[in-house]
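Beneath this line is the structure, given in structure tokens, with notes to follow.
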Amino acid sequence: MNHHSKNTIKNNLKIYNSLTKKKDIFYPIYPNHVGMYVCGPTVYNHIHLGNCRTFIFFDIVYRYLKHLGYQVKYVRNITDIGHLFSENNELEEDKIIKRSRIEGLDPMEIVQKYTIYFHESLNILNVLRPNIEPIATGHITEQIEYVKKILCNKFAYEKNGSIYFDLKNYSNHFLYGRLSNNNIKELMDRNFLFSKEKRDIKDFCLWKKAKKNHIMNWNSPWGKGFPGWHIECSVMSTKYLGGYFDIHGGGIDLKFPHHECELAQSTSFFNKKNDLSRYWMHVNMLNINGEKMSKSKKNFMYPSHIYENFKISSNILRFFMLQTHYRSILIFSNKNLLDAKKNYNFIINSINKLNNVKFHKDIISYDFIHQWIDDCYNAINDDFNTPLLISYLLKGSRIINDIIINNKKNSLYLLKKYINYFMFEILGFKKNKEETNNYKKKLEILVQRLINLRKEYRIQKNWEVSDKIRKELNHIGILINDHKLLK
RNA sequence: GGCACGGUGGCCGAAUGGAAUAGGCAAAGGUCUGCAAAACCUUUUAUAGCGGUUCGAUUCCGCUCUGUGCCUCCA
């Protein structure tokens with residue numbers, strides 16, 4: 001009665017594709033190989049919780065594809081150039097340059113500093129590193145070559161040392177707006193600073209001429225300048241994954257214009273209809289107080305805020321994010337975070353109990369356990385429905401408790417095997433390791449001695465002193481939960 | 001103005017053309033207990049509104065109300 005053969009599971013993964021606007025069965029271009037590109041951060045600031053959501057989600061995608069036996073090439077870029085910051089339609093300045101001015105550091109020091117923070121933040125969240133992490137400024141030559149080809153194909157034009165994408169000519173040959181369903185004519189006109197140079201107000205920049213005081217600039221056939229925002233992703237994805245790969249992802253706010261422009265650039269580059277990626281995936285936003293958490297709205301929180309202010313671990317933050325489906329808006333609130341904590345602890349406690357129980361490998365197979373395993377796989381296979389999967393993991397935990405408490409003979413072996421797969425391998429929770437820090441270890445011993453001391457007082461029924469010790473420990477965040485005293 | 005995704009109990013959050021068995025939190029009750037807490041077990045409550053299609057709609061279609069996001073800074 002074993003329903004969950006690996007191939008059946010593998011052939012039933014459905015992914016919501018922003019390009020086709022429906023759930024498509026996942027099959028890669030080359031059997032057993034998956035190429036995945038995810039738009040990474042611009043490293044001019046710390047990453048906040050909203051950014052983390054996207055990277056945690058694609059970590060699940062990466063982990064699950066590997067679990068299914070695919071060889072995955074995961075590429076996630078670092079943007080260290082090209083994002084212009086506009087204020088009141090007055091000034092345009094590279095975000096990294098602006099930040100370097102504020103902090104009094106060299107632009108490349110800013111890049112280095114926030115790249116390190118980015119990696120550290122994701123490490124703490126147990127997000128796996130991609131296979132390739134290309135950096136935009138490391139691919140200037142390739143970007144220039146790419147722009148040259150688009151120019152050569154007549155889908156771009158030069159004006160005063162800058163290169164703009166020719167949307168009008170593009171529209172004559174291809175459809176612009178396939179991802180977002182946006183019709184160029186229906187888009188709102190805004191006054192852009194560059195608009196004087198552009199043939200059409202909605203043309204976007206491929207290469208921008210550097211002003212005299214613009215520190216980050218490179219030589220090009222069109223003079224000193226720097227690449228536009230969208231070009232780096234087209235170039236680096238094509239370089240490392242080819243002109244057509246399996247999955248392209250990012251936050252939903254990148255769908256338009258960023259991904260739409262990438263699609264247009266790629267089509268112009270090859271001069272033929274091209275999807276760039278077979279599946280396009282977009283993660284919805286994290287909302288706080290009814291609106292999107294973003295750097296520009298200044299309503300963001302960093303992961304470190306959460307660990308400190310809510311006294312929760314990175315595992316619980318991760319769990320919190322996975323309790324909402326990735327295509328839904330995730331609402332940040334104190335209560336939701338505490339719900340996540342309780343649920344997470346419930347599952348982990350059950351797993352810990354399993355580790356303390358001795359059992360033999362099952363001989364009999366139990367149908368309901370197999371059903372439970374199928375349910376779990378079906379959940380994750382249905383467009384990565386992590387909230388549904390978590391509900392099954394909670395159910396599994398309850399089954400474990402029931403078996404252990406009532407001393408039932410049952411299929412603990414399979415339960416243990418699969419709940420571990422789902423929690424640690426696929427959902428990517430960190431297994432608690434022994435603390436290696438020596439100083440911390442001594443503190444732990446001290447606390448343990450206090451607890452033992454208190455136990456002696458309890459045996460003597462000296463409630464006054466034992467309650468006082470418990471209170472003191474509670475003050476510093478160590479919770480004591482008493483059990484019945486053994487005689 | 002255009003485009004996209006939503007509206008399910010007190011709250012969060014799944015699913016579905018055929019009795020709402022999701023799940024969790026909260027609440028209530030219980031086990032346990034020196035007390036407190038924790039842990040574990042059990043139970044209650046819901047498809048925004050109006051039409052249409054249908055034997056049957058929460059699900060599909062249309063309209064209304066309403067929320068969020070994108071429209072060249074954004075994960």
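Just the heavy atoms: all of them, side chains too, but no hydrogens, waters or symmetry mates, feed the values below. In the text below, chain A, chain B and the rest are named by the order of the sequence lines, each starting its count at 1.
With hydrogens and angles left out, the side chain of Arg470(A) and the base of A37(B) share no donor-acceptor pair within 3.5 Å.
Taking side-chain N and O atoms only, Arg76(A) has no distance below 4.0 Å to OP1 or OP2 of A75(B). Checking the phosphate oxygens (OP1, OP2) of G23(B), no side-chain nitrogen or oxygen of Ser397(A) falls inside 4.0 Å. Contact check, Lys295(A) against A75(B): a side-chain N or O comes under 4.0 Å of OP1 or OP2. For A26(B), the OP1/OP2 oxygens have a side-chain nitrogen or oxygen of Lys342(A) closer than 4.0 Å. For A15(B), one of the phosphate oxygens OP1 or OP2 lies less than 4.0 angstrom from a side-chain nitrogen or oxygen of Asn385(A).
Side-chain contact between His325(A) and Asp383(A) is present, with at least one heavy-atom pair separated by less than 4.5 Å.
Using a 4.0 Å heavy-atom criterion, one finds that Gly250(A) contacts the sugar-phosphate atoms exclusively. Within the nucleic acid shown, Met293(A) comes within 4.0 Å of at least one base atom, counting heavy atoms only. Among the protein residues, Gly177(A) comes within range of no part of the nucleic acid, since none of its heavy atoms lies under 4.0 Å from any strand. Using a 4.0 Å heavy-atom criterion, one finds that Ile390(A) contacts no nucleic acid atom at all. Within 4.0 Å of Ser333(A), counting heavy atoms only, lies no atom of the nucleic acid at all. Backbone-only contact: Gly290(A) has heavy atoms under 4.0 Å from sugar-phosphate atoms and none from a base. Base engagement by Asp467(A) is indicated by at least one non-hydrogen atom pair under 4.0 Å involving a base atom. Nucleic acid contact class of Asp339(A) (heavy atoms, under 4.0 Å, all strands): base. Base contact: Ser296(A) has a heavy atom under 4.0 Å from a base atom.
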Could you write out each protein N or O paired with an N or O of nucleotides 2-4 of chain B at a distance under 3.5 Å?
residue	atom	partner	partner atom	Å
C3(B)	O2'	Ser180(A)	O	2.3
A4(B)	OP1	Asn181(A)	ND2	3.0

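Nucleotide A39(B) forms a pair with U31(B), judged by Watson-Crick or G-U wobble geometry with both contacts under 3.5 Å. In this entry C63(B) has G49(B) as its Watson-Crick or G-U wobble partner, both defining distances falling under 3.5 Å. A 3.5 Å limit on both hydrogen-bonding distances identifies A4(B) as the Watson-Crick or G-U partner of U68(B). Figure legend. A57(B) is base-paired to no nucleotide; pairs are counted as Watson-Crick or G-U wobble with both atom distances under 3.5 Å.
Salt-bridge formation is detected for the pair Lys335(A)/Asp339(A): a Lys NZ or Arg NE/NH1/NH2 atom is positioned less than 4.0 Å from an Asp or Glu carboxylate oxygen. Arg454(A) and Asp482(A) are joined by a salt bridge, as a carboxylate oxygen and a charged side-chain nitrogen come within less than 4.0 angstrom of each other. Between Arg278(A) and Asp24(A) no salt bridge is recorded (no basic side-chain N to carboxylate O distance below 4.0 Å).
Taking the C1' atoms as reference points, U58(B) lies 10 Å from A46(B), given to the whole Å. Rounded to the nearest Å, the gap between the P atom of G62(B) and that of C70(B) is 26 Å. Comparing the same atom, P, in G17(B) and in A37(B) gives a spacing of 45 Å after rounding to whole Å. Nucleotides G9(B) and C32(B) are separated by 37 Å at their P atoms, to the nearest Å. U8(B) and U59(B) have their P atoms separated by 14 Å, given to the nearest Å. Nucleotides G23(B) and A15(B), compared at atom P, are 14 Å apart to the nearest Å. The separation of G49(B) from U43(B), taken at their P atoms, amounts to 29 Å, rounded to a whole angstrom. Rounded to whole Å, the separation between the P atoms of A14(B) and G6(B) comes to 11 Å.
A residue-by-residue look at Val283(A) and Ile399(A) shows that Ile399(A) has its nearest nucleotide of RNA chain B further toward the 5' end. Mapping Asp253(A) and Gln323(A) onto RNA chain B by nearest heavy atom places Gln323(A) closer to the 5' end of the strand.
Ring geometry, His258(A) versus His230(A): the interplanar angle falls from 30° to 60°, so the pair is classed tilted.
Checked against the 6.0 Å centroid threshold, Tyr176(A) and Phe174(A) do not count as a close aromatic pair.
Listed here is the closest heavy atom pair of Glu197(A) and Lys208(A): OE1-NZ, 4.1 Å.
The side chain of Phe346(A) approaches C40(B) more closely than any other nucleotide in the set A75(B), U72(B), C40(B). Checking A75(B), G13(B), G24(B) against the side-chain heavy atoms of Asn343(A) singles out G24(B) as nearest. Here the nucleotide nearest the side chain of Asn481(A), chosen from C41(B), C70(B), A38(B), is A38(B). Set against C70(B), G24(B), A75(B), the side chain of Lys292(A) has C70(B) as its closest nucleotide. The side chain of Asp482(A) lies closest to G34(B), out of G34(B), A39(B), G24(B). Of all nucleotides listed (G24(B), A75(B), U72(B)), U72(B) comes nearest to the side chain of Pro257(A).
The distance between atom CG of Asn284(A) and atom C1' of C12(B), rounded to the nearest whole Å, is 16 Å. Per the geometry, CZ belonging to Arg458(A) stands 13 Å off P belonging to A36(B), to the nearest Å. We find that NZ of Lys395(A) is positioned 13 Å from C1' of A14(B), with the value rounded to whole Å. Computed from coordinates, the Leu479(A) CG to C35(B) P distance equals 20 Å when rounded to whole Å. Taking atom CG of Asn345(A) as the reference point, atom P of A37(B) lies 18 Å away to the nearest angstrom. The nearest whole Å value for the distance from the NE2 atom in His325(A) to the C1' atom in G23(B) is 16 Å. In this structure, the CG atom of Leu394(A) is 14 Å from the P atom of A14(B), given to the nearest Å. The CG-C1' distance, from Asn336(A) to G13(B), rounds to 9 Å in whole Å.
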Item to check | Test side chain to side chain contact (heavy atoms under 4.5 Å, CB included) applied to Ile56(A) and Val127(A), step by step | outcome: CA-CA 6 Å; Ile56(A) 287 173; Val127(A) 171; 3.9 Å; yes

Next on the checklist: Applying side chain to side chain donor-acceptor pair (under 3.5 Å) to His139(A) and Tyr240(A), what does each step give before you reach the verdict?
Outcome noted: CA-CA 12 Å; His139(A) 297 76; Tyr240(A) 296 108; 2.6 Å; yes

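Applying the 5.5 angstrom centroid cut-off and the 30 degree plane-angle cut-off, the aromatic ring of Tyr392(A) is not stacked upon the base of G23(B).
Under the side-chain hydrogen bond (donor to acceptor under 3.5 Å, both in side chains) test applied with His282(A), the options His259(A), Lys255(A), His248(A) reduce to a single match, His259(A).
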Donor-acceptor contacts under 3.5 Å from residues 388-398 of chain A side chains, at least two apart:
residue	atom	partner	partner atom	Å
Ser391(A)	OG	Leu388(A)	O	2.8
Ser397(A)	OG	Leu393(A)	O	2.8

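Side chains of Glu456(A) and Asn452(A): a donor-acceptor N/O pair is absent below 3.5 angstrom, by distance only.
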